[in-house]
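Okay, structure first, notes after.
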2 protein chains.
Amino acid sequence: MTTTTPHTRDRLLDSAERLFAENGVNATSLRHITNDAEANLASVNYHFGSKEELFRQVFARRIGPINEERLRLLDTCEAQGRPSLECVLEAFLAPTLRLRSDPEQGGEYFMCLMGRLFSEPTEWKTMLMEEFSEIFQRFGTALQMALPEHAPADLTWHLFFTIGAMAHLMTAGDLLKTFTQDRCDPADVEGTLRRLVDFSAAGFRGASRGESP
Amino acid sequence: MTTTTPHTRDRLLDSAERLFAENGVNATSLRHITNDAEANLASVNYHFGSKEELFRQVFARRIGPINEERLRLLDTCEAQGRPSLECVLEAFLAPTLRLRSDPEQGGEYFMCLMGRLFSEPTEWKTMLMEEFSEIFQRFGTALQMALPEHAPADLTWHLFFTIGAMAHLMTAGDLLKTFTQDRCDPADVEGTLRRLVDFSAAGFRGASRGESP
DNA sequence: GTCTATATAGCGATAGAC
DNA sequence: GTCTATCGCTATATAGAC
């Protein structure tokens with residue numbers, strides 16, 4: 001299969017992904033997108049029907065493969081008996097943090113966009129949660145296997161804190177780099193991943209209250 | 001001093017704060033705000049000159065007292081020699097998390113609004129950072145006193161992760177409650193605070209690499 | 001200080017020619 | 001599938017009466 005110039009539909013998705021990430025969904029007009037994609041204003045409605053449907057498809061084409069990768073990595077953790085906490089956390093965190101160095105999958109643009117959905121007030125947050133529910137189910141079980149004596153509620157709280165740290169890296173990592181004058185740089189993806197896995201694992205292990213749910 | 005009906009200017013600030021938090025800054029029009037405040041559309045421009053200046057003042061009237069409270073609590077930690085890690089973390093986290101039960105200071109509306117600024121793409125993020133730079137300076141020093149053998153870069157990374165978890169609580173705490181069918185409820189402010197302090201403290205202590213910066 | 005009315009611009013969406 | 005032209009609406013901001 002030879003590579004040709006992407007069709008209008010794909011150029012629209014790429015431009016929308018980048019502009020939504022850089023400026024926000026509401027702040028990005030269809031005119032910005034079609035100008036950037038060198039397409040006609042009417043092409044968005046022809047290909048997607050509405051701005052909302054365009055956004056849904058920007059999101060949908062990336063999130064599936066990311067969550068499949070999460071489950072694949074989790075399967076690897078569980079292949080040899082009880083999974084280690086670090087392995088489970090890495091399986092959860094790596095597929096999104098590694099987006100930063102994977103332009104083929106939307107790179108930092110999609111990463112930033114996804115991170116911001118957690119704090120959006122609108123219906124977009126619901127979209128994210130629908131895609132996440134199976135993931136939470138599976139990782140909740142895996143965490144319980146890795147830390148069998150911890151209370152389920154503790155695991156939920158700690159996973160929530162971990163997701164917060166992950167989302168902050170996804171949306172505000174550039175701020176950390178600027179603020180520390182490059183001494184802390186999230187562009188070192190594997191180093192950042194290990195730091196977050198180690199921090200969270202210590203938090204999970206050290207902060208449990210051991211109470212029943 | 002007796003309490004009277006708030007003046008238009010204050011009603012505008014209150015309505016803007018709530019609507020900005022609930023629906024986002026860009027998505028909230030001056031018409032929404034003036035309708036909610038039972039004021040005239042032109043009153044925003046009379047009192048503030050522009051929507052941007054209105055937002056700046058919504059933010060400015062709350063952030064000062066919050067950061068003063070942070071420094072006051074930090075002074076208490078440091079009053080008797082080397083501060084404990086937990087005390088420093090609580091001094092940083094408590095003033096924002098406690099907003100949830102303090103309607104006098106904007107309550108969950110302002111809390112949610114502030115949390116979202118971390119992931120906003122625009123100039124608003126810069127505003128937040130300007131207010132934060134003294135805070136980071138002071139808490140960075142305090143953390144180094146609490147954990148003298150830890151590398152400064154480690155402390156920076158770990159504070160960044162902690163801020164991410166805090167921001168996630170501020171913006172998506174309702175999601176945790178819904179998703180767990182009320183088993184985890186951020187409305188229990190002091191319980192939530194202790195959980196986050198314990199989790200972060202364990203992360204700080206357990207995840208340090210002990211390298212030089 | 002508060003009102004009505006409006007200026008000016010940008011928005012999403014669509015009709016209809018090609 | 002892609003284009004031009006435009007509809008109908010909403011936005012921020014302002015002018016000027018009261």
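In this structure, A/Phe199 and B/Phe161 have tilted ring planes: the angle between them lies in the 30° to 60° band.
Between the side chains of B/Thr162 and B/Ser200, at least one donor-acceptor pair of N or O atoms lies under 3.5 Å. Neither side chain, B/Thr180 nor A/Thr156, offers a donor N or O lying under 3.5 Å from an acceptor on the other.
As rounded to whole Å, 15 Å separates atom C1' of D/dG16 from atom OH of B/Tyr46. Remark: P of D/dA13 and NE2 of B/His47 are 15 Å apart, rounded to the nearest angstrom. If you measure from atom CD of B/Glu38 to atom C1' of C/dC3, you get 16 Å, rounded to the nearest angstrom. When the C1' atom of C/dG12 is taken as reference, atom CD of A/Glu53 falls 15 Å away, rounded to whole Å. For the pair A/Asn45 CG and D/dC3 P, the computed distance is 15 Å after rounding to whole Å. Rounded to whole Å, the distance from NZ on A/Lys51 to C1' on C/dG10 is 12 Å. Between the CG atom of A/Leu41 and the P atom of C/dA15 there is a distance of 14 Å, rounded to whole Å.
Of the residues in residues 17-37 of chain A, none has a non-hydrogen atom less than 4.0 angstrom from any atom of DNA chain D.
Legend: residues meeting salt bridge (Lys or Arg N to Asp or Glu O under 4.0 Å) with B/Arg18, ordered by chain and number and at least two apart, are B/Glu22, B/Asp36.
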Would you tabulate the side-chain donor-acceptor contacts of residues 130-141 of chain B under 3.5 Å, counting partners in other chains and residues two or more places apart, or write 'none'?
{"from": "B/Arg138", "atom 1": "NH2", "to": "B/Asp75", "atom 2": "OD1", "distance (Å)": "2.9"}
{"from": "B/Thr141", "atom 1": "OG1", "to": "B/Gln137", "atom 2": "O", "distance (Å)": "3.1"}

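In terms of phosphate contacts, B/Asn40 brings no side-chain nitrogen or oxygen within less than 4.0 Å of OP1 or OP2 of C/dG1. Between D/dT2 and A/Thr8, a contact under 4.0 Å exists linking OP1 or OP2 to a side-chain N or O.
Taking 4.0 Å as the cut-off between side-chain N and carboxylate O, B/Arg56 and B/Glu52 count as a salt-bridged pair.
With distances taken from any side-chain atom of B/Ala42 to the nucleotides D/dC3, D/dT14, C/dT2, the minimum falls on D/dT14.
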